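These numbers come from a predicted model, not from an experiment.
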Amino acid sequence: MAAVVDALLECGVPADEALDACDVSFDQLHSPRTKISRNQLIRCYRNAIALSRDPHLPFTIGSSVHLSAYGMYGYAMLCSTDFRRTMDFATRYHQLATPLASISFEERDGLGIWTIEPVLHPKIDAQLYRFVTEVQIATHISLQRDIMGQSFRPREIGLAYPPSTDFGITEALAGCPVRFEQAMNEIAFDSIFLDEAPRLGNRTTYPAIVALCDDLLQELALRTGAAGKVRKVLLRDFANRPTFEDIAKLLKTPSRTLRRQLRKQGASFRQLSDELRLYVALRYLRDTRMTNEDIAFALGFSDAANFRHAFRRWTGKAPNDFRWEATGSPYDELENARR
């Protein structure tokens, strides 16, 4: 969020406008004690899209991010003594740094390949999907230059969407071909970069920093507590989801105790159930051609009407409206054919 606001300040946008409705002040933004939620970050991205006229804004933001912005996570990557280990570390611990995207890495045919996929969220439409993707691509390039030196260049960038007129990555900015309408969002670079020796690697410091990152991940896991255990049980079968009492028995916890534990975390059984059903519904709507009837059945609703009512309650949108915004493709014809 700080990188977004700094980029907007450079464009002459006042900080209070950049942070409008984000529920955080400029001073709080630069405090190490401040916690930022996904919804706050999404709102800040929305503000940036509305306020900036920079046609390369996501790439500008991502390019301004360096390892020093990532605390222990960034320091660990800087101290790594092997670039392949660095890639593995970045993947395993990315929850500490990339709240709006998941990342993966592999080597294939002489190339190192990063795959970036924005998280499923009801507020991430097609435009914000592109914005998140391009911020992350530019950030990856910037971080790899911090680690591997300014000579680092990607071989190719692939994007899973068509070109747009509002903002976008260009070959001149990326320093490599940019291909649209690909199967995935990917950054490919020559594997030879991985064979070089890190300039700042430290065999003594690296294990200590990794241990600190393990502690941070454990802290995140502990926050899930009882809510995380309930989520795991619910994930097993959406169509025949267990009752709260069933879950309490499976967890060998008295119902009253489990309810109290959830309440301490600010959660409830209904909230967790709706949260997971929404996540799966978003994936079905964006990534498949399943009809509303099929999705309703898969999620345990009695009919499509109940599913549509629940989806509107969760997101403020109809399922078909979300599908149109996320994919640009209506499925009314498919729905009508099934009827």
Side-chain angles (χ1 to χ4, degrees), residues 1 21-24 33-44 46 95-96 98-102 118-125 128 216-287 290 292-319 321-323 325-326:
M1 187 182 281
C22 291
D23 196 29
V24 62
R33 294 185 297 275
T34 302
K35 299 287 190 292
I36 300 296
S37 71
R38 283 181 177 176
N39 283 329
Q40 287 174 295
L41 187 55
I42 287 171
R43 176 65 195 192
C44 188
R46 288 278 184 216
Q95 296 175 60
L96 300 175
T98 55
L100 292 181
S102 61
V119 299
L120 280 166
H121 193 286
K123 294 182 180 178
I124 296 183
D125 57 13
L128 201 56
L216 290 172
L217 277 183
Q218 186 176 8
E219 181 184 338
L220 286 175
L222 286 174
R223 288 180 196 169
T224 65
K229 295 175 183 177
V230 172
R231 286 190 185 101
K232 287 181 181 179
V233 177
L234 286 170
L235 278 168
R236 294 174 190 170
D237 191 349
F238 276 103
N240 301 290
R241 58 186 178 134
T243 65
F244 181 77
E245 288 69 25
D246 291 336
I247 291 178
K249 288 179 182 177
L250 284 169
L251 297 178
K252 299 179 180 179
T253 305
S255 298
R256 184 176 298 178
T257 301
L258 183 58
R259 205 180 304 276
R260 185 172 62 250
Q261 290 172 346
L262 291 176
R263 203 161 42 238
K264 282 184 178 179
Q265 293 184 260
S268 69
F269 176 67
R270 177 176 178 176
Q271 173 198 334
L272 296 174
S273 178
D274 285 352
E275 175 188 287
L276 289 172
R277 290 207 287 182
L278 171 59
Y279 176 85
V280 176
L282 294 175
R283 182 169 292 280
Y284 284 151
L285 288 167
R286 198 190 71 186
D287 298 338
M290 290 173 66
N292 285 342
E293 283 83 358
D294 292 335
I295 296 173
F297 177 77
L299 296 181
F301 288 96
S302 57
D303 55 42
N306 282 331
F307 164 61
R308 286 193 292 267
H309 177 75
F311 192 86
R312 188 177 289 278
R313 174 166 54 83
W314 296 333
T315 68
K317 302 175 183 177
D321 291 340
F322 172 81
R323 179 170 258 161
E325 292 175 2

Distance-minimising heavy-atom pair for V119 and P99: CG1-O, 4.1 Å

Side-chain donor or acceptor of R277 paired with backbone N/O of L299 under 3.5 Å: yes

Rounded distance (nearest 0.5 Å) linking atom NE2 of H121 with atom CG of L100: 8.0 Å

Distance, nearest 0.5 Å, that separates OG of S273 from CG of L278: 11.0 Å

Heavy-atom pair with the smallest gap, counting every atom of Y284 and R323: O-NH2, 3.3 Å

For the student: nearest non-hydrogen atoms of L285 and N292, plus distance: CD2-OD1, 4.1 Å

R308 side-chain N/O to P319 backbone N/O, donor-acceptor pair under 3.5 Å: no

Under 3.5 Å donor-acceptor, R46 side chain and K123 backbone: yes

Nearest heavy-atom neighbours spanning L272 and L262: CD1-CD2, 3.8 Å

From E275 atom CD to S268 atom OG, the distance as rounded to the nearest 0.5 Å: 10.0 Å

Point-to-point distance, once rounded to the nearest 0.5 Å, from CZ of R43 to CE of M1: 10.5 Å

Closest non-hydrogen atom pair between P118 and R286, with its separation: O-NH1, 4.1 Å

side-chain contact (heavy atoms from CB on, under 4.5 Å) between D246 and R241, intermediate numbers included: CA-CA 9 Å; D246 291 336; R241 58 186 178 134; over 6 Å; no

Side-chain heavy atoms of F269 within contact of L234, under 4.5 Å: yes

Check against side-chain contact (heavy atoms from CB on, under 4.5 Å), L282 and I124: CA-CA 10 Å; L282 294 175; I124 296 183; over 6 Å; no

N/O donor-acceptor pair under 3.5 Å between T315 side chain and F311 backbone: yes

R270 atom CZ, neighbour heavy-atom count above 12 within 6.0 Å: no

Spacing of CG belonging to L250 relative to NZ belonging to K252, to within rounding of 0.5 Å: 9.5 Å

Spacing of CH2 belonging to W314 relative to CZ belonging to F307, to within rounding of 0.5 Å: 6.5 Å

Heavy-atom pair of closest approach, residues T253 and L258: CG2-N, 3.8 Å

